[in-house]
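Following: one structure in structure tokens, then a few remarks.
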2 protein chains.
Amino acid sequence: MDEHHDMEDEERGGAHPGGAGRPTLKTIAFMTGLGVTTVSRALKDAPEIGEETRRRVQLVARQVGYRPNRAGVRLRTGKTNVISLVLNTEEQIGGFVSDMIYGISEQLAQTPYHLIVTPYSRNNDPLEPVRYVVETGSADGVIISRTEPDDKRVRYLLEHGFPFVTHGRTEIGVEHAFHDFDNYAFARDAVRKLAELGRKRLALLAPPSSLSYYHHMRNGFLDTMAEIGFAEVPFNTVTVDHSIDQIRARSLQLMQRPNPPDGIVSGAGGATFALVAGIEDAGLKVGRDVDIVSKQSARLLHLFRPEIYVVNENVRLAGRELARSLVALIGGAPAASRQSLAQPGPVLALGE
Amino acid sequence: MDEHHDMEDEERGGAHPGGAGRPTLKTIAFMTGLGVTTVSRALKDAPEIGEETRRRVQLVARQVGYRPNRAGVRLRTGKTNVISLVLNTEEQIGGFVSDMIYGISEQLAQTPYHLIVTPYSRNNDPLEPVRYVVETGSADGVIISRTEPDDKRVRYLLEHGFPFVTHGRTEIGVEHAFHDFDNYAFARDAVRKLAELGRKRLALLAPPSSLSYYHHMRNGFLDTMAEIGFAEVPFNTVTVDHSIDQIRARSLQLMQRPNPPDGIVSGAGGATFALVAGIEDAGLKVGRDVDIVSKQSARLLHLFRPEIYVVNENVRLAGRELARSLVALIGGAPAASRQSLAQPGPVLALGE
DNA sequence: TGACCAATCTGTAACGTTTCAGATTGAAAT
DNA sequence: ATTTCAATCTGAAACGTTACAGATTGGTCA
């Protein structure tokens, strides 16, 4: 005689389909007097179901609040109705991740898709979470960010024919879906604005050089500088991904050099806080000794120092776009049709 | 003759268990010459399996990289191995949501649990997503934040015996798991610091009055004020959840009143940006005309205005704690054992 | 009349897992 | 020699869904 009798789900799915538990196809089949197959097909508007039957089934289904069992569908079809957002969980200054998640959620709200967050930290291989999702089939598609020109994850996903969208572009020959902010245009506009303001010695606080958008931003910066005939003040000891303290210290160093910049383009709002702190550590003042054009996703820079010029990046929108694309992709849309580049808005001064 | 033959998964789970697809219990059963039941039990260290068999099965399982199919488990047992974070997706100034998610992810990384984000917006009933999760059984437990003293969601979850943790406490008689920041202590320490600085006319920029932690913060503020013998300068036209523009405008109004405060306690870092902007709009200066003690989760306030005193709230830690508790709860731990209150650190001036 | 057909419906099997209720051992107890 | 028992193992059934391969109509056509 066992001492352990598991009787927990005694009352879940009753023996009779009229039981107390959540309604299933069987419940509706019982109520309508039809077979489960018919009910299943009627609910998805299959062609070989009579008009009246279809309506009857759908009515009953609505009445009893039928919701397909995800595990059942998933087991049978392999479709998970899940989208995975692969995230680097390192601390980031004023990270934009929440907005991204909000945007994705928003877009997914009216679909059967759930959003699941698949994290990785610096220790792990960035490929690891992606491989996990593909190998275990735990999602129908993934969203990845922080793309590199020759991104291992993108190669892997392409090889395995797994649906994905990248936040950021790659230099891989094969076309894939992406959404990106036009950082080339941002840097170009930023340089022009600084030139307009009479600034001549410009520096760039760029993203890490491994990432794709580093190159875009840097090219936009350099091309425009060359066009105007300016020479760059190098500032490559630090990136927007470094810590506040590091950026601040390097920024101080930068401003204490013989010929410090009088204009700086900053690739991220969070980093700009630290950048300005360093500038002020050097006894200089933004708007007087140096002008700054910074990208931002939160809208805090103008409160911080009203003299900063800003370009807003709408990350929530990016999230929406990425989710929209991924869902389309899973539905069979060609990757080439799901590529978009968000244009930066104007360079804004305080109050604009 | 049908024109449509579905032959897509012809090569997935082969007829032979030795096929190409992902290994299942059947694969291992075939390889070891055992029954699937035995394999299933051997893998979970059931008592009625011989020592050698167990080792053999586990070895093979490891070799072929066996990973239980989540849909199979879920369908059979009802266990989803999913935790749902229920989120309000409204814009928040400098929201702490990313840190929360990082913390939860971090904690969940070494468990079989996945994190899924279940959003709701202002239009929807906050109860809606919770009801969805419970009704569809789409997770084993939920994490909710922005709790109210008499929280409908908490009542609902208690009634349905569904595992949950709240970020924030309630006044509901029944015990439930929570993690909270001690906002009473924060407000108390803040008031004391301002008193120490010689400030006498104090105001509080509080959370929305519907939320639990409004009361904690407010009580901490008022109790300590009474203790010292101060009277409050009312500032209840706005909360930390309002927009930058609204807070800024009301802050300006506040400072233009006949007897403006000379000390302000602010419940959120994001709001403090707007608060200070309003103060400066009035021609006043933080540290001279008024001192501020503000809670923050990002570490930006000292860069913003070095004169602000800050108390740091570690939201990532809160995420970890919430996830840890929820997993314990699902594992059968009593709710009363999963209640924790994070004590605020010291009130910090610049450089401390 | 009988054959054929389209329209509609249905049962069975399978996805991968766990649980139930045995089956098969070999050894110990009678 | 038979019974008993513990130790191991096993097949069948079920979770809810969909795909496949029919079944059952009633009508049309030769």
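When reading the values below, keep in mind they use all heavy atoms of this one structure, side chains included, and skip hydrogens, waters and symmetry mates. Reminder, nothing fancy here: chain letters follow the sequence lines and each chain counts from 1.
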Whole Å only: how far is the [atom1] atom of [X] from the [atom2] atom of [N]?
| X | N | atom1 | atom2 | result |
| --- | --- | --- | --- | --- |
| A:Lys26 | C:dG11 | NZ | P | 12 Å |
| A:Arg74 | C:dT17 | CZ | C1' | 13 Å |
| B:Ile49 | C:dT18 | CD1 | P | 13 Å |
| B:Leu75 | C:dA14 | CG | C1' | 12 Å |
| B:Asn81 | C:dG16 | CG | P | 18 Å |
| B:Leu34 | C:dT24 | CG | P | 17 Å |

Remember a base hit wins even if backbone is also touched, and classify [X] as base, sugar-phosphate or nothing at under 4.0 Å, heavy atoms.
| X | value |
| --- | --- |
| A:Leu25 | base |
| A:Gly33 | sugar-phosphate |
| A:Gly72 | base |

[X]: which residues meet the ring pair (Phe, Tyr, Trp, His ring centres under 6.0 Å) condition with it, sequence neighbours left out?
| X | answer |
| --- | --- |
| B:His176 | B:Phe164 |
| A:His167 | none |
| B:Phe162 | none |

Neighbours of DNA chain C within residues 52-65 of chain B, by heavy-atom distance under 4.0 Å:
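Going residue by residue through residues 52-65 of chain B, none turns out to have a heavy atom under 4.0 Å of DNA chain C.
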
With the threshold set at 4.0 Å, does a side-chain nitrogen-carboxylate oxygen contact exist between [X] and [Y]?
| X | Y | value |
| --- | --- | --- |
| A:Glu321 | A:Arg324 | yes |
| A:Glu51 | A:Arg54 | yes |
| B:Asp151 | B:Arg146 | no |

For C:dT17, does the base pair up with any side-chain atom of B:Arg76 as donor and acceptor (N or O, under 3.5 Å, distance only)?
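Between C:dT17 and B:Arg76, which were checked side chain against base, a qualifying N/O pair under 3.5 Å is absent.
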
Hey, can you pull the residues of residues 37-47 of chain A with a non-hydrogen atom under 4.0 angstrom from DNA chain D?
A:Thr37, A:Ser40, A:Lys44

Is there a donor in the side chain of A:Ser84 and an acceptor in the side chain of A:Thr118, or the other way round, less than 3.5 Å apart?
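Judged by distance alone, the side chains do pair up.
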
Could you grab the distance from atom CG of B:Leu115 to atom CG of A:Leu85, nearest 0.5 Å is fine?
10.5 Å

The helix from C:dT1-D:dA30 to C:dT30-D:dA1: angle between its terminal axes, five pairs each, to 10°?
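The two end axes of the helix from C:dT1-D:dA30 to C:dT30-D:dA1 meet at 70°.
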
